[in-house]
Trainee: 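Dumping the structure here so I can ask a few things about it.
Ligands are counted one by one from 1 in listed order, and the atoms in each one are counted from 1 as well.
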Amino acid sequence: MKHILFVCLGNICRSPSAEAVFKALIEKDGMENVLSCDSAGTAAYHVGERADYRMRMSGLKRGYNLTSISRAFNPERDFDQFDFIIGMDRQNVRDLKSMARNETDRKKIHLMTDFSVSRKYDSVPDPYYGGDSGFELVLDILEDACAGLLRKLQ
Ligand code: 4NP
């Protein structure tokens, strides 16, 4: 069993979407017994909240139900519990690396778009202060990168 954790800043837009997109792929391929995923944020601003309404609506239009509740990344627990810890942008990766306790932790940290198949984007941009197209772009990039991640793990 491999455990994957998706990480962004607030855990209300990008990483809960990554979790929903990847869960849908896991279910589609019947890999529930081999792969599991969760999400967290490097900042605690939105702890306890559901995903952003705009992100949930964009997800629903594509058949993704974003059900996760925001939580903060917990280095003491998450570095031990997860095999892959995947940041949405380079700042997320830097923040995660600054929390790593040792080389074993550091080796678990990856950038989401490094799994991208199309390689059109080099990060999942923060959609929070932008318009609707930002949320659609997040899903476009995540669908591509989650497919690449699944392929790598298979
Ligand atoms: P996320 O988006 O990191 O994809 O969840 C954001 C959510 C909230 C904020 C920034 C980014 N914020 O500044 O509150």
Trainee: With heavy-atom distances below 4.5 Å as the criterion, would you say the side chains of Phe73 and Ile85 are in contact?
Mentor: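 Contact flag for Phe73/Ile85 side chains = yes.
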Trainee: Nearest protein heavy atom to atom 14 (O) of ligand 1, by residue and atom, and its distance?
Mentor: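 Of every protein heavy atom, His46 NE2, 2.8 Å lies nearest to atom 14 (O) of ligand 1.
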Trainee: What protein heavy atom is closest to atom 1 (P) of ligand 1, reported as residue, atom name and distance in Å?
Mentor: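 Checked against all protein heavy atoms, atom 1 (P) of ligand 1 sits closest to Cys8 SG, 3.5 Å.
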Trainee: Which of these, Asn92, Val7, Asp126, Val124, has its nearest heavy atom closest to atom 11 (C) of ligand 1?
Mentor: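 Among Asn92, Val7, Asp126, Val124, the closest heavy atom to atom 11 (C) of ligand 1 comes from Asp126.
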Trainee: What I want to check is whether the side chains of Arg151 and Gln154 have a donor and an acceptor closer together than 3.5 Å.
Mentor: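 On atom types as modelled, these side chains do not qualify, holding no pair under 3.5 Å.
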Trainee: With a 4.5 Å limit on heavy-atom distance, are the side chains of Leu35 and Leu153 in contact?
Mentor: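 Yes - at least one pair of side-chain heavy atoms lies under 4.5 Å apart.
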Trainee: Please work out, at 4.0 Å between heavy atoms, whether the side chain, the backbone, both, or neither of Leu9 comes within that distance of ligand 1.
Mentor: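 Both the backbone and the side chain of Leu9 come within reach of ligand 1.
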Trainee: For ligand 1, find out whether one of its N or O atoms is nearer than 3.5 Å to an N or O atom of Arg14.
Mentor: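 So ligand 1 has an N or O lying under 3.5 Å from an N or O of Arg14.
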Trainee: Are side-chain heavy atoms of Ile141 and Ser116 found at a separation under 4.5 Å?
Mentor: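 No; the side chains remain at least 4.5 Å from each other.
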Trainee: I'd like to check which ligand 1 atoms, numbered from 1 as shown, lie under 4.0 Å from a non-hydrogen atom of Gly10.
Mentor: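 By the 4.0 Å cutoff, the relevant atoms are 1 (P), 3 (O), 5 (O).
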Trainee: For Ile12, take its heavy atoms, then give the atoms of ligand 1 lying under 4.0 Å from any of them.
Mentor: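 Going through ligand 1 atom by atom, the ones under 4.0 Å from Ile12 are 5 (O), 7 (C), 8 (C).
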Trainee: Considering only heavy atoms from C-beta outward, does the side chain of Phe6 approach that of Leu142 to under 4.5 Å?
Mentor: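 No, every pair of side-chain atoms sits at 4.5 Å or beyond.
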Trainee: For ligand 1, note which part of Asp52 has a heavy atom under 4.0 Å away: side chain, backbone, both or neither.
Mentor: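 Under 4.0 Å from ligand 1, Asp52 contributes no heavy atoms.
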Trainee: Please list, in number order, the atoms of ligand 1 under 4.0 Å from a heavy atom of Asn11.
Mentor: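 Ligand 1 atoms under the 4.0 Å threshold to Asn11: 5 (O).
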Trainee: Can you pull out the closest protein heavy atom to atom 9 (C) of ligand 1? Residue, atom name and distance to 0.1 Å, please.
Mentor: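 Ranked first by proximity to atom 9 (C) of ligand 1 is Tyr128 CD2, 3.6 Å.
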Trainee: Which heavy atom of the protein is the closest neighbour of atom 13 (O) of ligand 1, given with residue, atom name and distance?
Mentor: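 For atom 13 (O) of ligand 1, the nearest protein heavy atom comes out as Tyr129 OH, 3.4 Å.
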Trainee: Heavy-atom contacts under 4.0 Å between Phe6 and ligand 1: side chain, backbone, both, or neither?
Mentor: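 Neither; no heavy atom under 4.0 Å.
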Trainee: Can you tell me if Met55 contacts ligand 1 (heavy atom of the residue under 4.0 Å from the ligand)?
Mentor: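 The answer is no: ligand 1 sits nowhere under 4.0 Å from a heavy atom of Met55.
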Trainee: Is atom CZ of Arg71 surrounded by more than 12 heavy atoms (other residues, nucleotides or ligands) closer than 6.0 Å?
Mentor: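 Yes, enclosed.
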Trainee: Is the closest side-chain heavy-atom distance between Ser39 and Val7 below 4.5 Å?
Mentor: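 Ser39 vs Val7: side chains apart.
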Trainee: Do any N or O atoms from the side chain of Asp89 and from the backbone of Ser123 form a donor-acceptor pair under 3.5 angstrom?
Mentor: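 Here the side-chain-to-backbone pair does not exist.
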Trainee: Taking 4.0 Å as the limit for heavy-atom contacts, which would you say applies to Met88 with ligand 1: side chain only, backbone only, both, or neither?
Mentor: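 No part of Met88 comes within reach of ligand 1.
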Trainee: Looking at side-chain heavy atoms only, is the closest gap between Phe135 and Arg56 below 4.5 Å?
Mentor: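 No, their side chains stay 4.5 Å or more apart.
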Trainee: Can you classify the ring geometry of His110 versus Phe115 as parallel (below 30°), tilted (30 to 60°) or perpendicular (above 60°)?
Mentor: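 Tilted, since the angle between the ring planes falls between 30° and 60°.
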Trainee: Which of the numbered atoms in ligand 1 are below 4.0 angstrom from a heavy atom of Cys13?
Mentor: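 It comes down to these atoms of ligand 1: 1 (P), 2 (O), 4 (O), 5 (O).
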Trainee: Taking distance alone, with N or O pairs closer than 3.5 Å, would you say Ser15 contacts ligand 1?
Mentor: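 No, no N or O pair falls under 3.5 Å.
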